[in-house]
Amino acid sequence: MRFSDKLRRRTCGTGLLLLAVVTVLGSLGWAERERNADEEYAVYSAYLSEGLLNDPHDWSVGGPVQVVVWDTTRAGGNLRFRALYALWMAVRFKNLQTSTRVSYLLGNLFQTRIQPKFVLPSRATVAFTSQSDYFSPDFQKKFPRNLGLISLSGIGFNAHRTQAVFYIDHFCGLCGGGRYVLMEKLDGLWRVRDEHYTWIS
């Protein structure tokens, strides 16, 4: 009986400790996303605009297009917990700062809703959808000028918000790719510094 009480107390203590850790990490993740909220969509917009203007293979050319974005953030890869170690093991950007790496990890502990704050070239409009909609036969009818589906992770920033890293998947039928992107802010503008592909088809 005594052993049973001891085990119950230990289990309860472990559960409370885990709850406290999750609460603290959640609070840190939320605070990190709030700290970077203003700059996050500037980074997304700069990257997508560069693709729309200069990458005909992935983003097509001419005419109005719809940039269809998954409506929640999604950390790199198919496994949810990949966010916890992806940048430590899989991505080795030469100039990635530690603060940027930690910010990425904190900002991707939980999924958050993508907001309609993109600023893209005039020929592009942004639409939002869920993953299930992409596999629906009505996807093409709903988004007739789509360039496939884009999913974005949260963005990690350094302390001065001059370096940013995020993950993007681009699904476009039989083609597509997933990659980590490192960007730097130079003269007030975000520019791609490096990319690391995790898959391509």
Side-chain angles (χ1 to χ4, degrees), residues 25 28-55 58-59 67-120 124 126 128-129 131 147-172 176-186 188-200:
L25 288 175
L28 289 172
W30 177 83
E32 189 60 20
R33 293 301 298 271
E34 286 297 306
R35 178 181 86 87
N36 299 321
D38 292 339
E39 205 64 39
E40 196 166 38
Y41 288 90
V43 172
Y44 291 142
S45 297
Y47 185 79
L48 293 174
S49 295
E50 177 71 18
L52 286 163
L53 294 172
N54 299 312
D55 188 352
D58 278 349
W59 302 101
V67 179
V68 184
V69 179
W70 199 331
D71 58 7
T72 55
T73 58
R74 181 171 175 262
N78 295 322
L79 300 175
R80 182 74 206 135
F81 290 107
R82 197 166 190 176
L84 297 176
Y85 66 86
L87 286 178
W88 298 106
M89 298 169 65
V91 178
R92 294 181 179 89
F93 289 126
K94 185 177 179 181
N95 298 313
L96 185 65
Q97 296 175 22
T98 301
S99 59
T100 312
R101 189 185 300 261
V102 171
S103 174
Y104 175 86
L105 295 174
L106 287 174
N108 284 285
L109 287 174
F110 303 100
Q111 290 183 325
T112 56
R113 188 155 294 280
I114 298 282
Q115 302 296 319
K117 297 180 180 178
F118 296 86
V119 178
L120 300 178
V126 178
F128 298 94
T129 191
Q131 181 184 15
L147 300 175
L149 175 66
I150 295 163
S151 77
L152 298 163
S153 74
I155 298 178
F157 290 92
N158 65 352
H160 301 291
R161 296 186 191 91
T162 55
Q163 185 181 75
V165 69
F166 66 97
Y167 184 83
I168 178 172
D169 275 320
H170 184 197
F171 306 99
C172 44
R179 55 202 171 269
Y180 288 95
V181 180
L182 179 65
M183 297 186 73
E184 289 187 353
K185 196 173 192 179
L186 303 169
L189 298 174
W190 285 102
R191 305 282 185 204
V192 176
R193 177 69 184 259
D194 200 0
E195 295 179 272
H196 175 86
Y197 277 81
T198 59
W199 67 277
I200 192 165

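As the structure is a computational prediction, the values presented were derived from the model and not from experiment.
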Non-hydrogen atoms of His170 and Gly148 that approach each other most closely:
NE2-CA, 4.4 Å
Over all atoms of both residues, closest heavy-atom pair of Ser99 and Ala159:
OG-N, 3.6 Å
To the nearest 0.5 Å, what is the distance between NE2 on His160 and NZ on Lys185?
13.0 Å
Within the side chain of Ser103, is there an N or O that forms a donor-acceptor pair under 3.5 Å with the backbone of Phe157?
yes
How close do Arg74 and Trp70 get, counting heavy atoms only, and between which atoms?
CD-CZ3, 3.2 Å
Hey, is the main chain of Gln97 close enough, under 3.5 Å, to the side chain of Gln163 for a donor-acceptor pair?
yes
Take Leu149 and Val68 through the test side-chain contact (heavy atoms from CB on, under 4.5 Å) and record every step on the way to the result.
CA-CA 5 Å; Leu149 175 66; Val68 184; 4.0 Å; yes
Kindly indicate whether the side chain of Ile168, heavy atoms from C-beta on, has any atom under 4.5 Å from the side chain of Leu152.
yes
Heavy-atom nearest pair, Val119 first then Ser45, reads N-OG, 2.8 Å
Considering only heavy atoms from C-beta outward, does the side chain of Val43 approach that of Phe166 to under 4.5 Å?
yes
Answer yes if the side chains of Glu195 and Tyr47 hold a donor-acceptor pair under 3.5 Å, and no otherwise.
yes
Look at the side chain of Asn108 and the backbone N and O of Gly154, then say whether any donor-acceptor pair between them is shorter than 3.5 Å.
yes
Just by modelled atom types, is the Leu96 backbone N or O under 3.5 Å from a matching donor or acceptor in the Thr100 side chain?
no
CG (Leu186) and CZ (Arg191) are apart, to the nearest 0.5 Å, by 8.0 Å
What closest approach, in Å, do Val67 and Ala124 show between heavy atoms, and which atom pair accounts for it?
CG2-CB, 4.2 Å
Would you check, one step at a time, whether the test side-chain contact (heavy atoms from CB on, under 4.5 Å) holds for Ile150 with Leu48?
CA-CA 10 Å; Ile150 295 163; Leu48 293 174; 3.9 Å; yes
Which residues share a side chain to side chain donor-acceptor pair (under 3.5 Å) with Trp190, sequence neighbours left out:
Glu39
Tell me the closest heavy-atom pair linking Tyr41 and Arg113, and the distance in Å.
OH-O, 4.1 Å
On the 0 to 90° scale, with breaks at 30° and 60°, tag the His196-Tyr180 ring pair as parallel, tilted or perpendicular.
tilted
OG1-CD1 distance between Thr129 and Ile114, expressed to the nearest 0.5 angstrom
13.0 Å
Has the side chain of Tyr104 got a donor or acceptor atom that lies under 3.5 Å from a matching backbone atom of Tyr167?
no
